[in-house]
Each structure stands twice: as C-alpha cells, then as structure tokens.
Amino acid sequence: MEEKKSFLKQKIDLSSPNKNIVPITTAIGNDGKLSVGGCSIEELVKKYDSPLYILDETTLRNSCRAYKQALEKYYPGKSLPIYASKANSSIFMSNLVSSEGLGLDAVSEGELLTALKGGVPNEKIVFHGNNKSDKEIEFAVKNNIQVIVDNDYDLERLEELSNEFDRDIDIMIRFTPGIECHTHEYIRTGSFDSKFGFGIEYLNILFARINETKHLKLKGLHAHIGSQIFELEPHNDLGGIMINVILEAKKFGHNIQQLNVGGGLGIKYTENDTPPSIDEWVKTISRSVMEACKKHNLDLPILMCEPGRSIVSTAGITIYKIGAFKEIPGIRTYLSVDGGMSDNPRPITYQSNYSACLVSNPFNLDSKKKYTIAGKHCESGDVLFKEIELADCKTGDLICVFGTGAYNNSMSSNYNRIPRPAALLVCDGEAELIQKRESPFDLLKYDVLPDRFIKQN
Ligand code: LLP
C-alpha cells in the first residue's frame, strides 16, 4: 500500500515549535492511531467526549523556553518575553507561562483577573487596549499593573488617578511605527491607519504633554506591527524606528527604559507556511535594537516582546467526530463534524487554512478521497476545510485539526447555543482537564424572562 507523503512524517523541530504543524509529542501508536502527550486520542474522546481541545505541555514549555533562551543568548541587557494572553486566556495558561518566567499581556478586566488568578506577578503584567473602561484602568492602577497608554483618553484618566492617589505612575506608550504587515507582505507607509496607539507624528506633543503631569513617568515604548508574520525585515526595521523615538523622547527629558516590540511571529499551519524560528526572530530584533543603541551611544533598554500565537498555537489540536455525509455527485462530498465556527471561527473569519488527519488512519492509507469538512452551525460558510484529502472515512470516525491552540478557544462563541468544548492538557501519558465542557443548561444561566412574560397559571 502506498503511503501518502504526510505532514506527519516531517522532522520535528524541538527548539522552535512554531516551525512544526503538529505538537512535539505527536506519535502514531502500534495500533496505527494518533496520540499526543503520550495519550491515545481515541481514549481521551471516549472519556471527555468531542469536540475536544487538547494542549500539549511539552510544546508549550518548549515555546516559552525558546523565547527566554534566545533573549538571554542574543540580548545582553535585561529582557522579558510577555505572553499575549488574547491568543488563549485561561487560569492554566497564565500559570504555565508564569512558571516559565514569562510576563503576560492582558486587554480586559477578564484577562487581567485570569492572569492574577493564574499566579502571574502583578509587575509582570501589562495592560493594553484602545478603549479601556474607567473601572479597568482603576483596577490596573490599584493593582500596580503597568498600563500601556494607547490614546489621550487613557492619559487623562491616568493623570487623574495619579493625582487622586497622589503617587507616581510608570507608563508605557504605544505608537504606530508606520510598518504594515499583512501575512505575506510588508510595507513601510507614510499612513498610520490603525485604531491602536499614537501616530508617530503626534509623539512630540505627547512628550510635552506628559511633562505637564505631576505624576506620570514615561518608562516604556510599545509597538506591534501585526500577526502571523513570516518576514524578519519588518522587525529588523522596528528596532531602529523605536530607538529613534527614544532619542526624541530624551530631548523632552524622558528616560525610556523599556522597549516592547509586540508579537507577531507566524506559525506553520500548512506545508506552504515557512515561518522563521523563534531564535531567528529574537536574534533579528535584538541585533536591530543593539545596533541602533550602539550607533547613538545609548544604554540598552529592557527588551520586551509579546508573542501569542507562536507560544500556544502549535501546542493545540481540536478533535471532532464525523456525523453526516452528503455527496453531491461531480461536485463534492460534505462531511460534517460536531463543532465548527463556534469553536474555530478563523476559517470563516479569515479564510485561514489548517492541516488535519483521521485519528484512526493518520497517514491516509487505503483509498483516498477528497472531502469538504463542514461544521454543524446554521451557516453555509461554516466550513473548516474547503477541500482535504483523507482516507475513506465514516460516521463516528475522529478528525484531528492541528495548530488550533491560538485564537480558537479565545475567539469561540455559543452561536446556535452550542456549548464550548472541554480543554485538556496532556503530558507524559496523563491528561488533565483545564476547561470544563459547557452544557446547554449553562447557556441558560444569563437569560432573564421579565416577570410580566411569565404566565400566571
Ligand atoms: N501584542 C499586541 C499588542 C497584539 O495586538 C497582539 C495580537 C499580540 C501582541 C500577539 O500577536 P501574535 O504573536 O499572536 O501574532 N485573531 C487573529 C489574530 C489577532 C492578533 C491580535 N493582536 C487571528 O486569529 O489570526
């Protein structure tokens, strides 16, 4: 029998999980079936049902360590990798990244609470957002969490709070560096059309404005240029641009000591994707900051970066059970699974591509067929794979989709009142629950029927 040249056959890069499609511990057992973290996926589904999110601890830790180690290797100054928790926010993820020495970036009270509950030290949390509520800003300030000032509104409220509490507050400002990244293209533009951050042309006014405040101390500078980026050049340019801003701020008496370059490193979802390694990415940004500092005789700032996807995406897989088939002769065969756009809104939102295989026949032995994998939601666009080649499969078979650790669970919804899946952590043959499966009854919890609608008798 001829074996399909499968992505599962590729050599695994242990030091940079974002370069693999599958979690590091992915294996095919003696029974020919798929396992991860030493756990048989079939057994996990028997116990925990489907759809099921699974995170591989080894892959997660290797990703965190890759950032830490590369920063230590290439950047002689102080540094801190900060996990962008929007990629996958949970008490477990907060706890894991914190145990690896990473900080955490939060963008809402919910993400802040989750980080604190997960044990991330307050001083390692940064608080982002282009429209923070008063309550959120106050919560951050009271908890000594550093606020990233995105606009004048943030600044005004921080000034008020610092006066009210009569204490200094260290701030970081976010600006738009004029680097635009779409996944596979890079442009330096004169325009800065983004809802996030201050325009670079406005910074001198801002520096002067901060000097008028009694208690706000400008300590950091932040920029983020995009996500799922495969090129190194944008980040190479970013270092120099940011150092120029630090020099400009110096003229106003500000001593910026923290430089946060955001996240954005891409991952390999399919065989067409060729992201650089974490090591290469960190090396590029470190060198660019160091060179610019050397040129201007500047002390090295504390270098921070905010990876999200490249920490958690490759560690995650989603398992679905196949239900209905619909063959449209000469056109396509739909195969429907028990999840879809509510647990993974990325295909319908961004037309994003993934890799997948059958759990019981990962190498697609036997006869191969082309399928369209549809979700179960009431929406024609709820399609996870427009076309995928799988071994002949039947109702009840399991499908494993790879690379779903980032922006799946965190962007999930209850569309069609479909409960969110359970999430498991796997490591060394053990599986532990990190998110309970929702039930349809959970979804009724927040519904309220006004009294006058409740029929008397
Ligand atoms: N820092 C800031 C300020 C960000 O806005 C983001 C992502 C990150 C860090 C992390 O970027 P990463 O390393 O994950 O690329 N929902 C989209 C991605 C949105 C990214 C938003 N910001 C998706 O599913 O592709």
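The shown structure was predicted, so the numbers you read here are calculated from the model rather than taken from an experiment. The basis for the numbers below is simple: all heavy atoms, side chains too, and nothing from hydrogens, waters or symmetry mates.
- A salt bridge does not link Lys135 with Glu138: every distance from a Lys NZ or Arg NE/NH1/NH2 to an Asp or Glu carboxylate oxygen is 4.0 Å or more.
- Remark: the backbone N or O of Lys132 is paired with a side-chain donor or acceptor of Arg157 at under 3.5 angstrom.
- A donor-acceptor pair under 3.5 Å is formed between the side chain of Ser85 and the backbone N or O of Asp105.
- Between the side chains of Asp56 and Thr25, at least one donor N or O sits under 3.5 Å from an acceptor N or O.
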Audit row: Asn131, Tyr153, side chain to side chain donor-acceptor pair (under 3.5 Å) steps and yes/no: CA-CA 8 Å; Asn131 195 21; Tyr153 184 40; 5.5 Å; no
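- Using a 3.5 Å distance cut-off with no hydrogens or angles, the side chains of Asn20 and Asp13 do not pair a donor with an acceptor.
- Counting only distance, with no hydrogens or angles, the side chain of Thr59 and the backbone of Ala315 share no donor-acceptor pair below 3.5 Å.
- A salt bridge does not link Asp150 with Lys195: none of the charged nitrogens is closer than 4.0 Å to a carboxylate oxygen.
- Taking the side chain as every heavy atom from C-beta outward, Ser310 and Ile267 approach each other to under 4.5 Å.
- A heavy-atom distance below 4.5 Å is found between the side chains of Leu155 and Ile171.
- Remark: the backbone N or O of Asn88 is not paired with any side-chain donor or acceptor of Asn409 at under 3.5 angstrom.
- The nearest pair of heavy atoms linking Pro276 to Asn18 is O-ND2, 3.0 Å.
- The aromatic ring centres of Phe175 and Phe198 sit 6.0 Å or more apart.
- For Glu430, the CD atom counts as loosely surrounded, since its 6.0 Å shell holds 12 or fewer non-hydrogen atoms of other residues, nucleotides or ligands.
- Nearest heavy atoms, His128 versus Arg174: ND1-NH1, 4.0 Å.
- Separation of atoms CD1 (Ile148) and CZ (Phe127) is listed at 10.0 Å; rounding is to 0.5 Å.
- For the pair Pro347 and Met341, the minimum side-chain heavy-atom distance is 4.5 Å or more.
- One N or O on the side chain of Asn408 and one on the backbone of Ala406 form a donor-acceptor pair closer than 3.5 Å.
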Salt bridge (Lys or Arg N to Asp or Glu O under 4.0 Å) assessment of Lys33 paired with Glu43: CA-CA 11 Å; Lys33 294 177 184 175; Glu43 294 304 316; over 6 Å; no
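- When all heavy atoms of Ser313 and Tyr269 are compared, the pair lying nearest together is OG-OH, 3.5 Å.
- Note that the OG1 atom of Thr176 and the CD atom of Glu201 stand 6.5 Å from one another [nearest 0.5 Å].
- The CG atom of Asp343 sits 9.0 Å away from the CD1 atom of Ile418 when rounded to the nearest 0.5 Å.
- Atom CD of Glu271 and atom CD of Gln10 lie 4.5 Å apart (nearest 0.5 Å).
- Counting only distance, with no hydrogens or angles, the side chain of Thr318 and the backbone of Thr404 share no donor-acceptor pair below 3.5 Å.
- Between Leu71 and Cys305 there is a side-chain heavy-atom pair separated by less than 4.5 Å.
- Open room surrounds NZ on Lys117; 12 or fewer heavy atoms of other groups in view lie less than 6.0 Å from it.
- The two atoms that bring Ile319 and Ile317 nearest to each other are CD1-CD1, 3.9 Å, heavy atoms only.
- No salt bridge links Lys294 with Glu291; every basic N to acidic carboxylate O contact stays at or beyond 4.0 Å.
- Considering every non-hydrogen atom in both Asn414 and Pro419, the closest pair reads ND2-CA, 3.8 Å.
- Comment: Lys86 does not engage Glu306 in a salt bridge, judged by the lack of any side-chain N to carboxylate O separation of less than 4.0 angstrom.
- Judged by distance alone, the side chain of Tyr48 and the main-chain N or O of Leu433 form no donor-acceptor pair under 3.5 Å.
- Between the Asp273 side chain and the Thr270 main chain, a donor and an acceptor come within less than 3.5 Å of each other.
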Side chain to side chain donor-acceptor pair (under 3.5 Å) assessment of Tyr320 paired with Asn344: CA-CA 11 Å; Tyr320 300 99; Asn344 184 1; 4.9 Å; no
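- Between Phe230 and Thr274 the shortest heavy-atom distance is CE1-N, 3.8 Å.
- Side-chain N or O atoms of Arg437 include one that pairs as donor or acceptor with a backbone N or O of Pro51 at under 3.5 Å.
- No donor-acceptor contact under 3.5 angstrom links the side chains of His235 and Ser288, judged on distance only.
- The environment of CG in Asp299 is sparse: at most 12 heavy-atom neighbours from other residues, nucleotides or ligands sit within 6.0 Å.
- For the pair Ser133/Glu109, no side-chain contact is recorded, criterion being any heavy-atom separation below 4.5 Å from C-beta on.
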Please report the C-alpha distance between Glu248 and Lys251 in whole Å, then the side-chain angles of each, then the deciding distance to 0.1 Å, and finally whether the salt bridge (Lys or Arg N to Asp or Glu O under 4.0 Å) criterion is met. CA-CA 5 Å; Glu248 209 48 42; Lys251 296 182 190 158; 3.0 Å; yes
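- Taking OG from Ser412 and CD from Gln435, the interatomic distance works out to 7.0 Å, rounded to the nearest 0.5 Å.
- Less than 6.0 angstrom separates the ring centroid of Phe7 from the ring centroid of Phe402.
- In this structure, Ser16 contributes its side chain and Ile278 its backbone to a donor-acceptor pair below 3.5 Å.
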Could you walk me through whether Asp166 and His215 satisfy the side chain to side chain donor-acceptor pair (under 3.5 Å) test, starting with their C-alpha distance in whole Å, then the side-chain angles of each, then the deciding distance to 0.1 Å, before giving a yes or no? CA-CA 8 Å; Asp166 195 23; His215 288 298; 3.0 Å; yes
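- Contact annotation: the side chain of Arg346 approaches that of Tyr354 to within less than 4.5 Å [non-hydrogen atoms, C-beta and beyond].
- Between atom CD1 of residue Ile125 and atom CG of residue Asn143 there is a gap of 8.0 Å, rounded to the nearest 0.5 Å.
- Taking the six-membered ring for Trp and thresholds of 30 and 60 degrees, Phe252 and Phe207 have ring planes inclined between 30 and 60 degrees apart.
- In this structure, the side chains of Leu358 and Ile399 come closer than 4.5 Å at one or more pairs of heavy atoms.
- Looking at heavy atoms from C-beta onward, Arg61 lies in side-chain contact with Ser99 at the 4.5 angstrom threshold.
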Decide side chain to side chain contact (heavy atoms under 4.5 Å, CB included) for Ser355 and Lys268; before the verdict, give the C-alpha distance in whole Å, the side-chain angles of both, and the deciding distance to 0.1 Å. CA-CA 9 Å; Ser355 300; Lys268 189 175 179 75; over 6 Å; no
